[in-house]
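Being a predicted model, the structure only gives us computed values, none of them experimental.
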Amino acid sequence: MARTRFMTLERHIIEGERKHPGATGELSALLSDLAIAAKVISLEVNKAGLVDILGFTGNQNVHGESVKKLDIFAHDVLIRAMDHGGHLCVMASEEEEDIIHIPPKHRLGKYVLLFDPLDGSSNIDANVSIGTIFSIYKRISPDGTPGILDDCLQPGLKIEAAGYIVYGSSTVLTYTTGHGHGVHVFTLDPSIGEFLLSHENIEIPEKGKIYSINEGNYKYWHPGLKKFIKYLQEEDKASSRPYSSRYIGSMVADVHRTLLYGGIFMYPADSRSPNGKLRLMYECAPTAFLIEEAGGRAIDGKRNILDIIPSSLHQRTPVFMGSKVDVDMVEHFLSHENHTNVEKEIF
Ligand code: AHG
Ligand code: MN
Ligand code: MN
């Protein structure tokens, strides 16, 4: 990958805004506010292990505040950072049952923000990469009124901007505003507190040699999926098989690796979870938007993730996303076995 220019996230966003005729700067301000929230969460995430070691856990920390679970902390930081900028009419979080209204004292804007404040929570105590996933839509209800549920239940195709932050060995922010403007990755330089451009206009390899899935669920899978995984494990140099298996268990980290290296990330439906585990609005639609903008594909087994019309805030969906050739292959294996629809076949 060519060396990138010295570019901060803020400058990149503003330059990107100039490519959108009629841009008002609101989306840029939103993305910049999100980056500030990401820095605050990153600080806390990196301290979390230390907090345990220093024994500050328990009900009180040194400041007499209750020690919040990291995902509730991230949820609170995002709301506090985003609710007064005047750019949003409503928010929704994976950690909150209902939509989150903008306090009446703040100006209402034309955008909607959805987020998974902390993805990969089960990995926190093991110091494994975790992250935040977000997507931004334009409101569909009348300007100047409080946002409503319908503003939050839009298909992924309507996304205006999407991205994620991975809190790992370094803190990395990936975002896109779609429409061919590309997917870009920034790495936080903690010494200056700036996200600096590290990968510009990422294109996912057309075909990979890594597959990512929780194989512990093998016995519950669709027969076609079992055949697909066995196919990937056969030896055939021409098609880079056997593929390597990589599964971190934090979607945001598995998707980031897939975006950079290629291959396929999967969380399928199975006989115990007919709609899979991952949430359409908070995890699958935003990451599908990024993967497709980078030249990959994202399906639920039959349909494009971005075409799915949501019916509820927390609905789950099976997901297969990554390099186009690999997703085409799994689609074939699923439909090949598929004289009826996937659910009927499995259950
Ligand atoms: P979250 O922590 O936001 O609930 O997300 C966890 C998700 C996702 O990050 C990951 O891909 C998946 O859970 C892993 O699930 P399994 O442990 O069942 O494989
Ligand atoms: Mn998640
Ligand atoms: Mn989460």
Side-chain angles (χ1 to χ4, degrees), residues 16 20 27 30-31 34 78 88-94 96 99-100 110-117 119 131-141 147-165 173-184 202-204 251-252 254-256 258-259 264-269 275-324 326-328 330-331 342:
H20 286 265
L27 187 59
L30 250 178
L31 289 167
L34 270 168
L78 281 158
L88 297 173
C89 64
V90 68
M91 290 186 261
S93 164
E94 183 202 84
E96 189 90 43
I99 60 174
I100 301 163
K110 64 184 180 187
Y111 289 105
V112 178
L113 173 68
L114 279 75
F115 53 87
D116 175 359
D119 176 66
T132 298
I133 308 170
F134 65 88
S135 54
I136 297 167
Y137 296 80
K138 269 212 182 99
R139 72 179 304 169
I140 52 177
S141 58
I148 57 175
L149 180 60
D150 285 354
D151 289 311
C152 301
L153 291 181
Q154 300 182 56
L157 276 178
K158 297 282 190 187
I159 287 175
E160 291 290 325
Y164 55 73
I165 299 97
L173 183 147
T174 302
Y175 91 99
T176 183
T177 55
H179 310 292
H181 292 298
V183 176
H184 316 290
I202 285 194
E203 287 175 12
I204 188 170
M251 179 194 200
V252 68
D254 281 316
V255 168
H256 187 59
T258 304
L259 183 67
I264 183 166
F265 168 76
M266 299 169 271
Y267 207 109
N275 294 309
K277 170 184 182 182
L278 301 182
R279 276 67 46 143
L280 171 64
M281 301 313 294
Y282 306 108
E283 294 162 319
C284 298
T287 48
F289 190 74
L290 283 156
I291 289 283
E292 295 222 351
E293 179 68 18
R297 282 195 69 197
I299 61 174
D300 66 356
K302 291 178 295 173
R303 298 170 296 175
N304 290 334
I305 293 285
L306 297 182
D307 292 337
I308 300 175
I309 310 280
S311 52
S312 78
L313 266 185
H314 297 275
Q315 74 185 68
R316 298 171 192 271
T317 177
V319 61
F320 305 82
M321 62 166 66
S323 297
K324 184 178 174 327
D326 296 317
V327 176
D328 290 350
V330 74
E331 188 177 42
V342 178

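Side-chain N or O atoms of Asn304 include none that pairs as donor or acceptor with a backbone N or O of Asp307 at under 3.5 Å. No donor-acceptor pair closer than 3.5 Å links the side chain of Glu292 to the backbone N or O of Ala288. With hydrogens and angles ignored, the 3.5 Å screen pairs a side-chain donor or acceptor of Gln154 with a backbone N or O of Lys138. Checking side-chain atoms of Thr132 against main-chain N and O of Tyr164 turns up no donor-acceptor pair under 3.5 Å. Between the side chain of Glu293 and the backbone N or O of His181, at least one donor-acceptor pair lies under 3.5 Å. Side-chain atoms of Asp119 come within 3.5 Å of backbone atoms of Met251 as a donor-acceptor pair (strictly under, hydrogens ignored).
Taking all atoms of both residues into account, the shortest heavy-atom contact from Gly163 to Leu290 is CA-CD1, 3.8 Å. Shortest non-hydrogen contact noted between Cys284 and Leu278 is SG-CB, 3.6 Å. Annotation for Thr176 and Gly178: closest pair OG1-N, 2.9 Å, computed over non-hydrogen atoms. Scanning both residues, Pro310 and Pro155, for their nearest heavy atoms gives CD-N, 3.7 Å. The two residues Ile100 and Val90 make their nearest non-hydrogen contact at O-CG2, 3.5 Å. In plain terms, the two heavy atoms of Ser135 and Met281 that are nearest each other are OG-O, 4.0 Å.
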Pair Gln315, Asn275 - check side-chain contact (heavy atoms from CB on, under 4.5 Å), show working.
CA-CA 8 Å; Gln315 74 185 68; Asn275 294 309; over 6 Å; no
Between Phe134 and Leu31, is the side-chain contact (heavy atoms from CB on, under 4.5 Å) condition met? List the steps.
CA-CA 10 Å; Phe134 65 88; Leu31 289 167; 3.9 Å; yes
Set out, in order, the CA-CA distance, both residues' side-chain angles and the distance that settles side-chain contact (heavy atoms from CB on, under 4.5 Å) for Asp116 and Val252, then state yes or no.
CA-CA 10 Å; Asp116 175 359; Val252 68; over 6 Å; no
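Side-chain contact between Leu114 and Ile133 is absent, with no heavy-atom pair separated by less than 4.5 Å. In this structure the side chain of Ile305 never reaches within 4.5 angstrom of the side chain of Met321, judged on heavy atoms.
The CD1 atom of Ile140 sits 5.0 Å away from atom CG of Asp150, with the distance rounded to the nearest 0.5 Å. Note that CG of Leu153 and OG of Ser311 are 7.5 Å apart. Values are rounded to the nearest 0.5 Å. Atom CD1 of Ile291 is separated from atom CG of Leu259 by 5.0 Å, given to the nearest 0.5 angstrom. Atoms CD1 and CG, on Ile136 and Leu88 in that order, are 7.5 Å from each other to the nearest 0.5 Å. Here the CD atom belonging to Glu331 is positioned 4.0 Å from the CZ atom belonging to Arg297, to the nearest 0.5 angstrom. Atom CD1 in Ile99 sits 13.0 Å away from atom OG in Ser93 (nearest 0.5 Å).
A search for salt bridge (Lys or Arg N to Asp or Glu O under 4.0 Å) contacts involving Arg316 returns nothing, not counting sequence neighbours. Every residue was checked against the salt bridge (Lys or Arg N to Asp or Glu O under 4.0 Å) condition with Asp151, not counting sequence neighbours, and none meets it.
Taking the six-membered ring for Trp and thresholds of 30 and 60 degrees, Tyr282 and His314 have ring planes inclined between 30 and 60 degrees apart.
Taking a 6.0 Å sphere around NZ of Lys110, one finds it holds more than 12 heavy atoms contributed by other residues, nucleotides or ligands.
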